[in-house]
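Throughout, protein chains are lettered first and strands after them, A, B, ... in sequence-line order, and every chain is numbered starting at 1.
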There are 2 protein chains.
Amino acid sequence: MTRLRGSNPLGARKALAERFQTWSVNAFDLSLCPVRGVLDRLGDKWTTLIVIALSHRPQRFSELLRAVPDISKRMLTQTLRDLERDGLIARQVFPTKPPSVEYRLTSLGESLLEPLVTLVSWAETSQAVIETARAAFDAREPVPA
Amino acid sequence: MTRLRGSNPLGARKALAERFQTWSVNAFDLSLCPVRGVLDRLGDKWTTLIVIALSHRPQRFSELLRAVPDISKRMLTQTLRDLERDGLIARQVFPTKPPSVEYRLTSLGESLLEPLVTLVSWAETSQAVIETARAAFDAREPVPA
DNA sequence: CCATATGGTCTCAAAATTAGACCAGGTCTT
DNA sequence: AAGACCTGGTCTAATTTTGAGACCATATGG
């Protein structure tokens, strides 16, 4: 087949499988697998969206609220706090009349952009295939109303 | 520091920012941003763990239950169904005495491994920095008992 | 004959998330 | 000057999601 430099799934599979080997000793035990703590936050449903929104430019609270339409204030606040706690974003208050708060990516936060781009690219590329698979599955196994 | 080829955050930032530009027209509107549908599933907390576990080798239901220790049967079933529906994994039943079911990555599922590796690598690299940031944040803003 | 193992499903409780009221103050409109 | 509206949040109550564990049918080993 085509043997693409470093982009064949086999290579990735091996790389990941190797890492997994070292983890499998502790079998993903939450307290023993430090990566889980990091990965869990990324799986926050809102985290990636917010990071992507901030990749564009620093934004204020209500801008983010508009940028990610279906997030609730509560979750936006909480996700921003978590992100700030992890050092991925920085919070800065401006003493305007109604004080405004700006959030921006830190350099650590920006370093996340690169892995995120590859993931988003994959999502874009695979989206059509996935839709097809979903439709096929639903046709096989009709979901009851 | 070291200047690695093509791994500077600036490049990634620009790449992502450009993509975001095209999305920002619809401002992440769930129904209009197809990537969200895909990204949401990846942010399932269990999805990535299961895919990683299966990157090792095909595994049966109860093997996965053991591999991802703190998942409940309920969530394992559901996550596997979703993954199957999206065409990322395949389910095969063997007519053994108590029938066993094996789950394996499809080629689409394997294609996810590559982006996942970069993400996991980032998590591993950044983990220490993040822990430090968390500690510093908690010291500043002591979480009440 | 009882325990165990298989892959799930079902129910109920617990946890996470949402929607939306509310706040303090200042500006803008009328 | 009264009212509406803006800021960034917090708080409560209702809804949704998740978790823990019982349960099932069948078959094997002891």
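Pairing each heavy atom of A/W46 with each of A/D70, the nearest pair is CH2-O, 3.5 Å. Of all heavy-atom pairs between A/I52 and A/S55, the closest is O-OG, 2.6 Å.
Shown for residues 86-98 of chain B: residues whose heavy atoms fall under 4.0 angstrom of DNA chain C, namely B/R91, B/P98. For DNA chain C, the residues of residues 72-81 of chain B within the heavy-atom distance limit of 4.0 Å (strictly under) are B/K73, B/R74, B/T77, B/R81, sorted by number.
Contact between the side-chain N/O atoms of A/S100 and the OP1/OP2 oxygens of D/dT7 is not found at any separation under 4.0 Å. Here B/W46 reaches the OP1 or OP2 of D/dG19: one of its side-chain N or O atoms lies under 4.0 Å away.
Nucleotide D/dT17 holds its P atom 12 Å from the CG atom of B/D40, rounded to whole Å. Rounded to whole Å, the distance from CD1 on A/I71 to P on C/dT18 is 7 Å. In this entry the distance linking CG of B/L64 with P of C/dT6 reads 12 Å, nearest Å. Taking atom NZ of B/K45 as the reference point, atom P of C/dA15 lies 12 Å away to the nearest angstrom. Regarding B/L65, its CG atom lies at a distance of 11 Å from the C1' atom of C/dG8, rounded to whole Å.
Using a 4.5 Å heavy-atom cutoff, the side chains of B/T77 and B/F61 are in contact.
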